There are 2 protein chains.
Amino acid sequence: MKIALAQLNYKIGDIKGNLKKMTDNILSASERGADLIVFAELAVCGYPPEDLLEYKGFLQDCENAIQSLLPFSQEIGIIVGVPTRNDSGKGKGLYNAACFLYGGEVVSVVHKALLPIYDVFEEPKFFATGDRFEVISFRGRKIALTICEDIWNIGNENPLYDVCPMDQLSGQVPDFAINISAVVFSLGKAAERKDILKRNAVKYKLPVFNVNHVGAQTGLVFDGGSVVASPDGMIYREMPYFTEALEIFDLDEVTRGGREDERVLDEIASIHQALILGIRDYFKKQNLSTAILGLSGGLDSAVVAALATEALGKENVRGLLMPSKYSSSHSVEDAVALAQNLEIRFDLVPIKEIFDQYIYTLQPLFVGKAANVTEENIQARIRAMLLMAVSNKDGNILLNTSNKSEAAVGYGTLYGDLCGALSVLGDVYKTQVYALAHYINRNGIIVPEHTINKPPSAELSPGQKDSDSLPPYDVLDKILYEYIENLKGSNELIEMGFDNQVVESVLRKVRNNEFKRQQTPPLIRVSCRAFGLGKNIPVVNGYTA
Amino acid sequence: MKIALAQLNYKIGDIKGNLKKMTDNILSASERGADLIVFAELAVCGYPPEDLLEYKGFLQDCENAIQSLLPFSQEIGIIVGVPTRNDSGKGKGLYNAACFLYGGEVVSVVHKALLPIYDVFEEPKFFATGDRFEVISFRGRKIALTICEDIWNIGNENPLYDVCPMDQLSGQVPDFAINISAVVFSLGKAAERKDILKRNAVKYKLPVFNVNHVGAQTGLVFDGGSVVASPDGMIYREMPYFTEALEIFDLDEVTRGGREDERVLDEIASIHQALILGIRDYFKKQNLSTAILGLSGGLDSAVVAALATEALGKENVRGLLMPSKYSSSHSVEDAVALAQNLEIRFDLVPIKEIFDQYIYTLQPLFVGKAANVTEENIQARIRAMLLMAVSNKDGNILLNTSNKSEAAVGYGTLYGDLCGALSVLGDVYKTQVYALAHYINRNGIIVPEHTINKPPSAELSPGQKDSDSLPPYDVLDKILYEYIENLKGSNELIEMGFDNQVVESVLRKVRNNEFKRQQTPPLIRVSCRAFGLGKNIPVVNGYTA
């Protein structure tokens with residue numbers, strides 16, 4: 001038996017477009033002799049469909065899509081993820097389902113039984129819990145079909161769940177297992193997924209075929225890397241990451257095993273690819289073409305410009321250079337060098353005259369009041385306004401360049417450098433931005449060395465340095481990582497050896513700046529804890545530890 | 001037996017402050033002869049604590065708070081909501097619990113069994129499901145103690161739940177029932193809550209004592225209105241709305257019943273109070289004092305100014321008048337009249353010179369390009385920048401004045417009139433804003449009549465009217481209400497009789513502006529479906545119906 005795994009890039013809500021992708025792949029797989037083709041979890045509507053699931057018309061469109069697929073199933077089995085209605089009168093009104101189509105009919109429907117609710121997942125908000133476990137017979141073989149989380153409770157070791165679907169199915173002696181998934185990318189997640197698939201193959205002595213999503217849905221990236229695991233515990237095939245693929249496998253060969261195709265993924269290379277896919281899909285899926293950003297000569301904007309250029313093409317990225325009187329002599333030179341290295345368009349737009357006009361206009365209100373952060377913010381906001389003006393006039397989409405370290409401690413101006421349609425680095429710590437810059441320069445200088453080597457500065461007041469108000473980034477990032485990703489509070493951080501005063505000062509900044517984070521653009525998630533995606537902290541909040 | 005119900009305004013995360021409130025009320029209730037005092041759901045930490053629950057130190061502080069309450073329980077029973085740990089090794093690591101304290105000990109702990117996941121609620125993300133149901137014996141009586149949602153499955157009629165805690169408890173023949181709650185305010189919700197409490201009293205032939213939260217937590221408002229229902233189905237007492245209260249009831253009198261204290265709540269009056277509480281608590285709970293907003297002479301800013309003045313006091317509200325060359329002759333007059341009616345400070349700040357400077361600076365980039373929405377947006381953004389500059393300089397907090405109708409169709413400028421720390425009207429349709437204006441004027445003109453009567457206009461281009469690009473607000477709001485609150489799609493709306501083209505045009509605008517809504521300020525929720533609160537739509541999304 002030949003099994004085709006279709007690892008595709010769907011668009012949420014674009015049911016017609018997703019259907020077209022699927023039928024194209026069915027025809028292609030059929031031509032190549034496949035008996036069965038497998039699409040990912042909720043492939044019909046894209047993942048996660050969120051509150052679109054609450055609209056009747058949306059569900060009807062999903063059902064119609066399954067009907068449209070039926071004629072394609074005359075000669076080939078089709079497994080496809082789709083929301084289906086729960087008419088039992090008990091539980092939520094939908095199931096997260098996998099339909100098995102064959103001979104022009106819906107032969108079988110599997111309901112997801114383990115519904116994740118943690119991190120970015122909130123499936124029990126929409127879906128009822130599946131509780132029937134039956135293998136599917138197809139051309140003399142029996143298939144144990146599960147959906148994503150269903151295989152993440154091996155041996156009932158996962159405290160979140162009471163049932164292990166594969167235990168239920170294994171009693172019916174399946175010949176192989178299929179798991180359709182939508183695993184959201186974050187650092188280390190692919191290895192975890194691979195390990196779970198491997199452990200399932202070994203425990204149940206079955207080949208396991210996994211089909212994952214690939215592509216970005218606003219800020220959520222799906223990295224592909226669909227896995228075929230053999231009963232001997234070897235990774236028979238790890239499909240490509242961050243790109244679509246259709247591959248066909250011979251069941252007997254996979255069952256026999258003895259082939260190892262496992263990859264080791266480099267962390268920074270993964271982040272690099274995830275961010276590029278995040279930018280590309282944000283534009284492509286909205287029929288947008290050109291990006292604009294401010295080029296300060298600093299590290300963050302340089303890295304974003306490089307990523308955008310790789311994602312969209314050099315003809316589709318432009319920069320504005322907007323030096324102020326506090327900009328260092330090198331700022332413009334560094335920004336120009338970057339733009340020239342990338343071969344992107346750039347324009348120089350001065351902000352001094354507009355700034356002076358603001359000060360003049362505000363003078364009656366500000367008389368007798370010392371200059372403070374107000375004047376710094378005015379500069380940052382003028383730049384944002386100029387970027388937005390050009391964006392509005394020419395239809396360019398503004399990319400935000402602030403990073404996760406800054407977002408955490410509120411080092412940025414709301415309605416200033418925190419503007420943008422998409423935050424490219426909003427889930428990337430500053431120390432990771434340095435690593436990205438080195439990675440971007442792996443085959444030659446793109447990000448100017450001076451940009452990498454000079455001390456970071458917002459250049460909004462004379463001689464200003466980030467280190468005036470923040471601890472060094474290597475210390476700051478370690479504290480932030482422990483606080484955000486590992487949920488360590490101040491006592492635990494101090495026990496870990498971080499300086500008491502530094503910890504208190506950093507955490508105070510994090511707590512006091514939730515209001516900024518709740519108004520900043522969607523970000524591309526690359527960590528297991530991204531601001532605004534599955535992480536909710538009340539703005540008004542008296543907790544101080 | 002005398003039962004004290006403490007309807008208090010907690011602050012999320014401020015465990016010390018919440019504890020102080022509770023001990024003050026315990027002492028007061030004791031003095032007034034109470035046998036038992038009841039606090040609301042998760043009173044110790046405030047509701048909803050969201051991801052603060054993931055920090056160990058936070059949970060430890062909650063446990064310590066219970067220990068601190070024990071000495072107060074020598075002579076009076078205390079019922080208090082608090083998160084507790086689930087050490088069973090199964091399910092999520094916490095319970096949403098109610099502790100019963102007496103004689104210096106924790107006598108009993110009840111775990112919430114029905115955990116809501118819909119709308120703004122996501123309790124299963126943090127809490128395991130309670131499954132023990134035991135009445136509590138106290139001074140010769142038996143108490144059926146439940147937490148909020150636990151009583152919302154009368155007769156197992158609610159498809160979301162498999163168990164009815166009150167059915168379980170009623171077998172143990174309780175003498176009365178206590179329900180501690182955190183019901184989020186929205187139009188009509190108080191009546192629904194009252195009805196559920198009444199039905200429980202009748203079904204189980206018991207007096208039911210309910211204690212609800214009061215106060216705003218960022219955008220979520222809790223309206224108080226704690227209810228005491230008698231077994232005869234009469235509302236013995238409906239405690240005040242939108243304010244704290246401590247009231248003491250005689251159990252025998254409530255059991256006897258025959259007293260009706262039911263209120264009818266006016267919709268617009270409720271919204272009015274909810275918005276005022278929302279503003280007041282946003283400021284008070286963050287130790288902020290003064291608000292600033294732009295006064296355009298239009299309806300929305302006038303209503304927000306009036307609400308803010310009532311919430312914060314006239315000395316704590318100031319306005320900026322920032323007319324442009326497109327402002328009507330009446331704009332400044334109307335704004336001045338409003339400020340004078342409210343007796344608030346206002347300053348006139350012209351935007352023409354700054355605008356001209358932007359146009360001059362951008363001229364090299366804009367040469368040969370026609371004026372379009374870009375120039376309109378520049379004006380709106382200059383105003384926002386001036387407001388933010390004054391805000392930064394003087395420490396005033398910017399209130400956003402855009403309404404739900406505008407937010408829905410994207411009628412507003414990102415980083416312009418969509419700026420602000422708090423969106424006062426972001427969940428209030430334009431037609432409701434009119435009703436609010438009339439309500440505000442109920443005892444005399446505050447909002448100038450001309451402001452109410454003139455056609456709405458953004459005044460960003462010559463002769464511009466809202467009706468140039470939008471259907472009349474009474475039509476628009478009906479469509480939006482059906483689409484947002486009642487989840488009707490385009491087909492259903494057209495079947496309901498709305499014009500095909502108008503529906504398509506409105507829904508297209510709603511769909512295309514999710515990106516703006518995801519960057520706008522937190523809003524005060526008054527409807528059952530508020531943007532950004534329990535409503536999630538992907539920004540990149542191909543669904544078109």
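Everything numeric in this text was worked out from a predicted model, so none of it was measured. First the proteins, then the strands, lettered A, B, ... as listed; each starts at 1.
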Notebook entry, point to check: So which of L418(B), T544(B), L365(B) has the biggest tally of heavy-atom pairs under 4.5 Å with chain A?
Noted result: L365(B)

Notebook entry, point to check: So, N9(B) and K285(B): side-chain donor and acceptor under 3.5 Å apart, yes or no?
Noted result: yes

Next item on the list: Select one option (side chain, backbone, both, neither) describing which atoms of I378(B) are under 4.5 Å from chain A's heavy atoms.
Entry: both

Notebook entry, point to check: Most heavy-atom pairs under 4.5 angstrom with chain B, which of K516(A), K56(A), Q217(A)?
Noted result: K56(A)

Check: Given the options I15(A), V373(A), V390(A), which has more heavy-atom pairs under 4.5 Å with chain B than any of the others?
Finding: V390(A)

Checklist line | Heavy-atom pairs under 4.5 Å with chain A, option from E492(B), M385(B), E122(B), E54(B) with the top count | finding: M385(B)

Next item on the list: Side chain from CB out, backbone as N, CA, C, O: work out which of these in N18(B) comes under 4.5 Å of a heavy atom of chain A, or both, or neither.
Entry: neither

Margin query: Taking side chain as everything from C-beta outward and backbone as N, CA, C, O, which of these in A421(B) sits under 4.5 Å from a heavy atom of chain A? Side chain, backbone, both or neither.
Written below: backbone

Next item on the list: May I ask you to decide if the ring planes of F58(B) and Y543(A) are parallel, tilted or perpendicular, using 30° and 60° as cut-offs?
Entry: perpendicular

Checklist line | Residue P48(B) versus chain A: region with a heavy atom under 4.5 Å | finding: backbone

Notebook entry, point to check: Taking every heavy-atom pair that is under 4.5 Å apart, which of Y282(A), Y483(A), Y360(A) has the most such pairs with chain B?
Noted result: Y483(A)

Note to self: Given heavy-atom pairs under 4.5 angstrom as the criterion, report whether the side chain, backbone, both or neither of P116(B) touches chain A.
What the structure shows: neither

Checklist line | Under 4.5 Å from a heavy atom of chain A, the part of L348(B) involved | finding: neither

Notebook entry, point to check: Between R511(A) and N541(A), is any side-chain donor less than 3.5 angstrom from a side-chain acceptor?
Noted result: no

Next item on the list: Examine whether an atom of K488(B) lies under 4.5 Å from a heavy atom of chain A, and if so say whether it belongs to the side chain, the backbone or both; otherwise answer neither.
Entry: backbone

Check: Contact part of R529(B) toward chain A, heavy-atom cut-off under 4.5 Å: side chain, backbone, both or neither?
Finding: side chain

Next item on the list: Could you check if a side-chain atom of Q518(A) sits within less than 4.5 angstrom of a side-chain atom of E514(A), using non-hydrogen atoms only?
Entry: yes

Checklist line | Contact origin within Y358(B) toward chain A - heavy atom pairs under 4.5 Å | finding: both

Next item on the list: Would you mind checking which part of F121(B) comes under 4.5 Å of any heavy atom in chain A, side chain (CB onward), backbone (N, CA, C, O), both or neither?
Entry: neither

Notebook entry, point to check: Of all of D281(A), D394(A), D356(A), which one pairs up most often with chain B through heavy atoms under 4.5 Å apart?
Noted result: D394(A)

